[in-house]
J.: 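Take a look at this one; I'll ask things after.
We name chains A, B, ... by the order of the sequence lines, and we start the count at 1 in each one.
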2 protein chains.
Amino acid sequence: MRLTTKGRYAVTAMLDLALHHDQGPIRLAGISDRQGISLSYLEQLFAQLRRQDLVKSVRGPGGGYHLGRHAGAISVAEVIAAVNEDTDTTRCGGSGDCQEGETCLTHHLWMDLSDQVREFLQNISLGDLVQRQDIRRVSQKQERRTKDQERKVDQILASNL
Amino acid sequence: MRLTTKGRYAVTAMLDLALHHDQGPIRLAGISDRQGISLSYLEQLFAQLRRQDLVKSVRGPGGGYHLGRHAGAISVAEVIAAVNEDTDTTRCGGSGDCQEGETCLTHHLWMDLSDQVREFLQNISLGDLVQRQDIRRVSQKQERRTKDQERKVDQILASNL
DNA sequence: TTAAATCCTAGTAATTTAGTCGGGTATAAA
DNA sequence: TTTATACCCGACTAAATTACTAGGATTTAA
């Protein structure tokens, strides 16, 4: 279980999805606007999330993404694991025959540590995060901001008629 | 608190140090042999570890490295943090003024998660790891292997006189 | 004085991250 | 039936990080 910014992007995007789950399919363009992540990068992340059934897609106009399960049943660990696609964790693929057992000191130790971290993150669900006051507050601020922007765009379009 | 292979290398090297703490200063060349990490890379890692007072160096022949404190007082979290040198964790340096509070959803959430992981790893010391049976076993195997190699080298040198 | 070891800097190949570009394809709505 | 919307897909790229190499300087025990 590596902890990197890529995983954070994925968790953020999934959290955005969880926060808006009652508004039908959520467009990636919206997530991109609200969270400041590039659309194409989101597409790549969601391709991986979809393969793990963490999200469901609806194609065509009015389409977007749903959570694959309800927010309480999706752990932060799953989301991170989905986009990190375990990079073989150095040479021997768990077989333990790397360098006559030499790297296994490293190997077992780290597997163990990261397992415990994984277990820890497995006990935090997107549902838990959505409940948090600080997150709700920031989310509402984001909503107001994007609504303002939409209004401005509308005004400009109207004045150009 | 990012979890990467770099941090693992550092923890492995420090653990090697802890396992041999009773044998005077430990040479990086020895750690390199036993753990299969390149010497120069170890030098870089130990430069960072030394700056954080996690190790003490002894220069000159017969020199090497000691743990900066006893193994029970060095946490895995410290070791990882020492070599990861926090890479500003995306744009706003904790100030929260990044994009009108926008990335702060991400920011707070992730800070919080990684803080909890840090706290978790802070409760695991090198001393704890040294106690573990599986680690002691692998370590002993490593010792035998390197001793064998030394013997072989000695034989070759002797036959070339 | 010599050799062993840490120290230090610079460079570099491989990998990962984050993103762009340019097209597809499914589908709701006009 | 057309069109616009949104997902889908693959290749390519810049920047950062990782892991490592090279080459020397410095300290110090023998």
Side-chain angles (χ1 to χ4, degrees), chain A residues 2-13 17 20 23-33 35-51 54-66 68 80 82-91 103 106 110, chain B residues 2-13 17 20 23-33 35-51 54-66 68 80 82-91 103 106 110:
Chain A
R2 290 180 306 148
L3 289 185
T4 64
T5 52
K6 189 181 190 181
R8 188 176 109 203
Y9 275 123
V11 172
T12 305
L17 222 54
H20 301 92
Q23 302 170 19
I26 305 301
R27 300 182 306 132
L28 291 188
I31 300 180
S32 174
D33 283 347
Q35 308 306 335
I37 310 171
S38 96
L39 178 58
S40 301
Y41 195 40
L42 278 175
E43 285 182 346
Q44 286 173 46
L45 294 178
F46 272 75
Q48 296 183 274
L49 294 171
R50 197 168 63 89
R51 262 174 243 132
L54 291 175
V55 296
K56 277 186 212 132
S57 66
V58 180
R59 301 184 67 167
Y65 285 93
H66 289 290
I80 293 172
V83 297
N84 272 351
E85 52 184 321
D86 37 28
T87 167
D88 198 28
T89 341
T90 51
R91 28 224 177 234
T103 47
T106 307
W110 204 252
Chain B
R2 289 180 305 148
L3 289 185
T4 63
T5 53
K6 189 180 190 182
R8 188 176 108 203
Y9 275 123
V11 172
T12 304
L17 223 53
H20 301 92
Q23 303 171 20
I26 305 301
R27 299 183 308 133
L28 291 188
I31 301 180
S32 174
D33 283 347
Q35 308 305 335
I37 309 171
S38 97
L39 178 58
S40 301
Y41 196 39
L42 279 174
E43 286 180 346
Q44 288 171 45
L45 294 178
F46 272 74
Q48 296 184 273
L49 294 171
R50 197 168 63 88
R51 262 174 244 133
L54 290 176
V55 296
K56 279 185 211 131
S57 66
V58 180
R59 301 184 67 167
Y65 285 92
H66 289 289
I80 293 173
V83 298
N84 271 351
E85 52 184 324
D86 38 29
T87 166
D88 197 30
T89 341
T90 51
R91 30 227 177 229
T103 48
T106 308
W110 204 252

J.: Pro25(B) and Gly62(B): which non-hydrogen atoms are nearest, and at how many Å?
T.: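 For Pro25(B) and Gly62(B), the tightest heavy-atom pair comes out as CG-O, 3.7 Å.
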J.: For a quick check, with a 4.0 angstrom heavy-atom cut-off, what is the B/S/- contact string for nucleotides 4-11 of chain D, read 5' to 3'?
T.: BBSBBB-B
J.: Taking only side-chain N and O atoms of Arg2(B), does any of them lie within less than 4.0 angstrom of OP1 or OP2 on dT18(D)?
T.: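 For dT18(D), OP1/OP2 do have a side-chain N/O of Arg2(B) under 4.0 Å.
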J.: When you measure from the side-chain N and O atoms of Thr4(B) to the phosphate of dT17(D), is any distance below 4.0 Å, counting only OP1 and OP2?
T.: no
J.: Starting at CG of Leu45(B) and ending at C1' of dT18(D), how long is that distance when rounded to a whole Å?
T.: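 Taking atom C1' of dT18(D) as the reference, CG of Leu45(B) is at 10 Å.
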J.: Any side-chain N or O of Tyr41(A) under 4.0 Å from OP1/OP2 of dG19(C)?
T.: no
J.: In whole angstrom, what separates Arg8(B)'s CZ from dT18(D)'s P?
T.: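 Value for this atom pair: 14 Å.
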J.: Measure the distance from CD1 on Ile80(B) to P on dT18(D) and round it to the nearest whole Å.
T.: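 Answer to the nearest Å: 12 Å.
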J.: List the residues meeting side chain to side chain contact (heavy atoms under 4.5 Å, CB included) with Arg50(B), not counting sequence neighbours, and say none if there are none.
T.: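 With neighbours one apart ignored, the set is Val55(B), Ser57(B), Tyr65(B).
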J.: Has the side chain of Ser32(B) got a donor or acceptor atom that lies under 3.5 Å from a matching backbone atom of Ser38(B)?
T.: no
J.: Using atom CG of Leu3(A) as one end and atom P of dT17(C) as the other, report the distance to the nearest whole Å.
T.: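 Distance check: Leu3(A) CG to dT17(C) P gives 12 Å.
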J.: Give a yes or no on whether the backbone of Gly7(B) and the side-chain of Asn84(B) come within a donor-acceptor separation of less than 3.5 Å.
T.: no
J.: Hey, is the main chain of Arg8(B) close enough, under 3.5 Å, to the side chain of Thr12(B) for a donor-acceptor pair?
T.: yes
J.: Round to the nearest Å and state the distance from Asn84(A) atom CG to dT17(D) atom P.
T.: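 Result: 16 Å.
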J.: In whole angstroms, how far is the P atom of dT6(C) from the CG atom of Leu42(B)?
T.: 10 Å
J.: Between dA18(C) atom C1' and Gln35(A) atom CD, what is the distance in whole Å?
T.: 17 Å
J.: Looking only at non-hydrogen atoms, find the nearest pair between Ala10(A) and Leu45(A) and report the distance.
T.: N-CD1, 4.3 Å
